[in-house]
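In what follows, every chain begins at residue 1, and chains take the letters A, B, ... in the order their sequences are listed. Since the model is a prediction, treat every value here as computed from it, not as a measurement.
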Amino acid sequence: MSKYYYDLHVHSCLSPCGDDDMTVNNISGMAALKGLQIIALTDHNTCGNCRPFYAACRKNGLIPVAGMELTTAEEIHMVCLFEELEQAEAFDRKLREYRLPVKNKPEIFGNQLLLDENDEVIGTEPYLLPPATSLPIEEAFKLASSYGAFCFPAHIDRPSNGILGILGTLPDHPSFPVVEYSGTADIKALEDAHPDLKTKRALTDSDAHYLWDISEAENALDLPDEPYSSAFVRHQLFRYLRGELGGGNA
Amino acid sequence: MTVRELTEQAGFRVLSMPDGEREIEGVYAGDLLSWVMGRASEGQAFVTIMTNINVLAVASLLDLSCVILSEDAEAPSEIIVSAEEKGINLLKTELPTYETCLLLGSLL
């Protein structure tokens with residue numbers, strides 16, 4: 001059992017709002033410098049840079065997690081994390097059916113850059129990624145889960161795109177066992193206002209769009225890690241998320 | 001005006017009307033439920049495109065006279081069943097929110 005510092009919500013340059021310097025090697029290099037061990041890539045409605053991200057994390061000795069920040073029809077942001085890269089890529093292909101077919105205007109929204117593992121730009125995503133998909137939250141949850149995703153509502157303390165702001169309260173369905181707070185959240189005040197939050201496992205992630213916003217080594221989980229391998233620790237992370245490990249934040 | 005009278009005059013579709021004789025006391029429109037929760041008031045008709053079940057929680061909490069789903073927003077069957085159970089009038093129209101509000105303004 002060791003303490004693993006994490007940041008499970010980071011955008012790359014594939015998100016139009018993500019800085020062009022958020023390349024897969026820059027993200028993993030910065031995360032390593034900051035002392036993180038587990039980092040997830042969660043671009044808006046796409047997993048398109050997850051494969052090179054895996055390669056970059058391997059170079060920097062980090063444990064990668066492939067993910068996506070899905071925008072539901074209600075404009076709620078929901079983080080979907082996948083234990084296997086291939087699951088993320090399969091879900092990415094499926095989600096295209098539900099994305100809004102509006103072309104990106106890079107001069108207004110920013111570039112949507114697809115990279116290889118050496119940070120070379122190998123393409124651009126033509127359709128604007130962040131807008132709401134046509135999937136309401138329950139359907140989005142069901143569909144992502146059927147592809148193996150573990151889902152939690154993102155930055156629930158934020159009025160825009162946070163589930164509490166949009167729905168007023170946590171819905172009964174889907175029943176999220178994990179919620180994500182941003183680094184500046186007043187968790188105590190939120191738990192007082194929404195007592196059901198006390199029963200949830202809490203994560204704190206950066207939602208970084210710029211390199212300097214990636215979390216410092218401040219948020220950690222105690223995870224079993226013998227016999228050590230990156231895949232083993234990632235598996236333990238998912239066991240923690242699913243409530244199979246017990247315990248709480250380190 | 002009652003919810004039943006409004007429904008007939010406006011040509012709204014009824015998804016659930018357990019209390020058609022309820023008087024309508026004004027209108028509130030919005031989709032961000034946390035915002036609506038703090039601002040709508042008792043007896044109002046609530047116009048929204050949001051079809052999440054939490055719409056009913058807001059309607060019930062504030063004792064609104066009815067919920068009107070505008071823009072032909074698709075209501076999942078659970079919300080219709082639950083509206084009936086909770087005694088909430090749930091209506092629907094293909095009109096966009098602005099036109100729905102104009103119509104309500106002219107009728108009420």
Parallel, tilted or perpendicular for [X] and [Y], by the 30°/60° rule?
X      : Y      : value
B:F46  : B:Y28  : tilted
A:W212 : A:Y210 : parallel
A:H209 : A:H11  : parallel

Margin query: Using every non-hydrogen atom in the two residues, find where A:F150 and A:P177 come nearest and quote the distance to one decimal.
Written below: CZ-CG, 4.0 Å
Notebook entry, point to check: Quick one: what part of B:E78 sits under 4.5 Å from any heavy atom of chain A, side chain, backbone, both or neither?
Noted result: side chain
Item checked: Contact origin within B:I53 toward chain A - heavy atom pairs under 4.5 Å -> neither
Side chain, backbone, both or neither: which part of [X] has an atom under 4.5 Å from a heavy atom of chain B?
X      : result
A:P171 : both
A:E138 : side chain
A:I137 : side chain

Notebook entry, point to check: So, does B:N52 use its side chain to make a donor-acceptor pair with the main chain of B:N54 at under 3.5 Å?
Noted result: yes
